[in-house]
Amino acid sequence: MDNNVLASKEYPQIIQEIIDCGFQKGAKFFAPDYLAIAIKNLNNNVNDRAYSKKAWSWMRDFYNKLKNSGDIYEIFEKYQMFEDYPPSKSNIINAYNEVKDIYEKHRIKSKGVLRFVDFNQGMDARLFTPEKAELLSKIAIRPVRIAFDDIKYTKKYEDAIRMCAKVGIKDFSNYLLYNFKDKPVDLYKRMRINVDLCDTLSEETGQKVSIYSFPMKYHPLRKTNDMDQDYSHNRDYIGVNWNRKFIRAVQAVLNSTKGKIGRGTSFFNEAFGSNEQEFEELLYMPESMIIYRFLFKWLGTDEAHEVAKQIIGSDEVCDYSTSSWRNCFHQCKKELPPDLWEDLKKKIGSNDFVTDNETFTDSLEKRLLWYYTNSRKDVTDETSDICKMKHYYDKNVKDKPSHYEKKC
């Protein structure tokens, strides 16, 4: 439970204590005979009620696994083991003593399950040395968790990962802090580093190295002098380089990946973009198009236009495709005056598309904001055209990605 185990002067001793406790690399846990333990406790008058229920339940399970066992049936019948409630303590013990040899013969012996060691927070990449990594490899640690909270520690972080991989450690689950003093692109760079390291180290070491990234949103625990309010009672804190829309965009992607990003370049490119420009574009993308990205991407296809005409009578719903939004977004970026474009980006960044839209009077600006005012609820509203198209897409489109989920 040491918060920074690598900083401890007793680190070698800590590793040895873990080994002495039976958690060396490759260690297994072998389940004991729980029925025998329950009977022993009954004989010793330990919690008769609880162990009677447990022993009775385990013995009945054992009987059910031995099909058509006449000998055991007679014993169980004699000691009332087939009743709907536990028999007496003496009956349970007597029944066990008579079937003990058969039970021991047929009991499935445990093959053991691997033991794992975990520390309660990410290790400090700056403190890794080859010697410390070597010691870490002696215990059954899985995964190794290393914090990667700042892009400026890239060299230290990569060195730490390589030290571990060199001594045979191949499973990592690393924390990436964001919404602190970092820029959004810094988060992308750190995630990309992990994805690339998986491929590079797997090739270099000849073993499958897996690095899961866990982006974790920074939130202050107490008010400091530079804050306008105490954020300890809400989740509203926004870092100096972030805004509400960017936070929601990252969270929308993480919701579909269950909060983690694993190995796989193609999946990462689809989720976060193949480069920094695509990631920035994703941050500005309407939330519904992030969550239901494959649906809205499909809406821009010729197939979708034809389907819309058939089931709706018009293909206007296809104007709400990802490609349509992207064309409008880049048109605004190209044609609007710089100051107006900055105002529009701030409006999108506020993630509030209901109030104070009077500033934007040009049809192009309003067109872009229109994509954001269409609520993601429309996707699940059975009366909406988008929902009708989604039903068709879920049932009929054959070339969905292998990782496609209806809810995402």
Side-chain angles (χ1 to χ4, degrees), residues 244-246 248-249 252-253 255-256 270-271 273-274 277-337 340-341 343-401 404-408:
R244 296 190 185 282
K245 177 65 183 70
F246 293 173
R248 284 299 307 151
V253 178
N255 282 343
S256 64
E270 186 69 44
S274 58
Q277 290 72 33
E278 289 185 9
F279 176 67
E280 181 183 11
E281 181 182 279
L282 179 135
L283 294 178
Y284 283 103
M285 187 179 290
E287 187 174 330
S288 56
M289 294 182 184
I290 299 175
I291 297 174
Y292 302 96
R293 64 177 60 212
F294 303 117
L295 168 66
F296 287 98
K297 184 177 181 179
W298 173 74
L299 283 179
T301 65
D302 293 338
E303 178 188 10
H305 280 267
E306 292 302 318
V307 170
K309 292 175 183 177
Q310 294 174 15
I311 67 176
I312 299 173
S314 166
D315 61 354
E316 290 184 3
V317 66
C318 295
D319 291 341
Y320 197 53
S321 67
T322 304
S323 57
S324 295
W325 166 82
R326 183 176 290 111
N327 290 336
C328 186
F329 181 83
H330 288 289
Q331 187 179 359
C332 288
K333 183 178 181 179
K334 180 179 179 180
E335 297 181 8
L336 292 179
L340 188 56
W341 173 236
D343 288 341
L344 191 56
K345 287 199 297 182
K346 288 180 182 179
K347 177 63 179 177
I348 297 172
S350 71
N351 211 36
D352 178 7
F353 306 107
V354 179
T355 61
D356 189 27
N357 287 326
E358 292 79 8
T359 304
F360 308 101
T361 58
D362 188 274
S363 58
L364 182 57
E365 305 158 27
K366 289 185 176 181
R367 174 69 177 173
L368 182 60
L369 291 176
W370 172 80
Y371 289 99
Y372 298 89
T373 55
N374 283 268
S375 170
R376 55 185 279 194
K377 292 181 181 179
D378 291 344
V379 181
T380 56
D381 180 359
E382 296 293 335
T383 64
S384 73
D385 291 343
I386 292 177
C387 187
K388 295 174 183 177
M389 294 294 283
K390 184 178 187 299
H391 284 318
Y392 178 91
Y393 178 75
D394 292 342
K395 295 178 181 178
N396 300 288
V397 176
K398 304 300 183 184
D399 59 346
K400 294 188 286 288
Y404 169 77
E405 295 182 20
K406 290 182 178 181
K407 66 179 181 179
C408 305

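A quick note: this is a predicted structure, and the numbers were derived from the prediction, not measured. Atom set for the values below is all heavy atoms of this structure, side chains included, hydrogens, waters and symmetry mates excluded.
Note that NE2 of His330 and CZ of Arg326 are 6.5 Å apart. Values are rounded to the nearest 0.5 Å. Distance NZ/Lys245 to OH/Tyr372: 6.0 Å, rounded to 0.5 Å. For the atom pair CG of Asp319 and OG of Ser314, the computed distance is 8.0 Å after rounding to the nearest 0.5 Å. Distance check, rounded to the nearest 0.5 Å: CG of Leu369 to CD1 of Ile348 gives 6.0 Å. How far CZ of Arg293 is from CG of Leu295: 12.5 Å, rounded to the nearest 0.5 Å. Rounding to the nearest 0.5 Å places CG of Asn255 at 8.5 Å from CD of Glu287.
Taking each heavy atom of Ala249 and Leu282 in turn, the nearest pair found is CB-O, 4.0 Å. Closest approach of Cys318 and Ser324 over heavy atoms only: O-OG, 3.7 Å. The heavy-atom pair separating Met285 from Ile290 by the smallest distance is O-CD1, 3.7 Å. Listed here is the closest heavy atom pair of Ile291 and Ala252: CG1-CB, 3.9 Å. Contact record, Ile311 with Met389: CD1-SD, 3.7 Å, taken as the closest heavy-atom pair. In terms of heavy atoms, Val317 sits closest to Ala308 at CG1-CB, 3.9 Å.
For the pair Ile312/Tyr392, no side-chain contact is recorded, criterion being any heavy-atom separation below 4.5 Å from C-beta on. Under the 4.5 Å side-chain criterion, counting only non-hydrogen atoms from C-beta, Arg367 is not in contact with Gln331. Side-chain contact between Leu344 and Leu368 is present, with heavy atoms from C-beta onward closer than 4.5 Å. At least one side-chain heavy atom of Leu364 sits under 4.5 Å from a side-chain heavy atom of Glu335.
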Show your working on side-chain contact (heavy atoms from CB on, under 4.5 Å) between Ser350 and Lys346 and close with a plain yes or no. CA-CA 6 Å; Ser350 71; Lys346 288 180 182 179; over 6 Å; no

Between His391 and Glu382, does a side-chain contact (heavy atoms from CB on, under 4.5 Å) hold up when you go through it step by step? CA-CA 9 Å; His391 284 318; Glu382 296 293 335; 2.9 Å; yes

List the steps and the verdict of salt bridge (Lys or Arg N to Asp or Glu O under 4.0 Å) for Asp343 and Lys347. CA-CA 6 Å; Asp343 288 341; Lys347 177 63 179 177; over 6 Å; no

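Side-chain contact, Thr383 with Asp381: a donor N or O sits under 3.5 Å from an acceptor N or O.
Remark: side-chain polar atoms of Ser384 are paired, donor with acceptor, to backbone N or O of Asp378 under 3.5 angstrom.
For residues 299-308, the set of pairs meeting the side chain to side chain donor-acceptor pair (under 3.5 Å) definition, not counting sequence neighbours, comprises Trp298-Glu303, His305-Asp315.
Separation of the Trp370 and Phe329 ring centroids does not fall under the 6.0 Å cut-off.
Residue-environment remark: CD (Glu278) exceeds the threshold of 12 foreign heavy atoms within 6.0 Å. More than 12 heavy atoms of other residues, nucleotides or ligands lie within 6.0 Å of NZ in Lys345, so this atom counts as buried by the packing criterion.
Of the options Trp325, Tyr320, Tyr371, a ring pair (Phe, Tyr, Trp, His ring centres under 6.0 Å) to Phe296 is made by Tyr320 and by none of the others.
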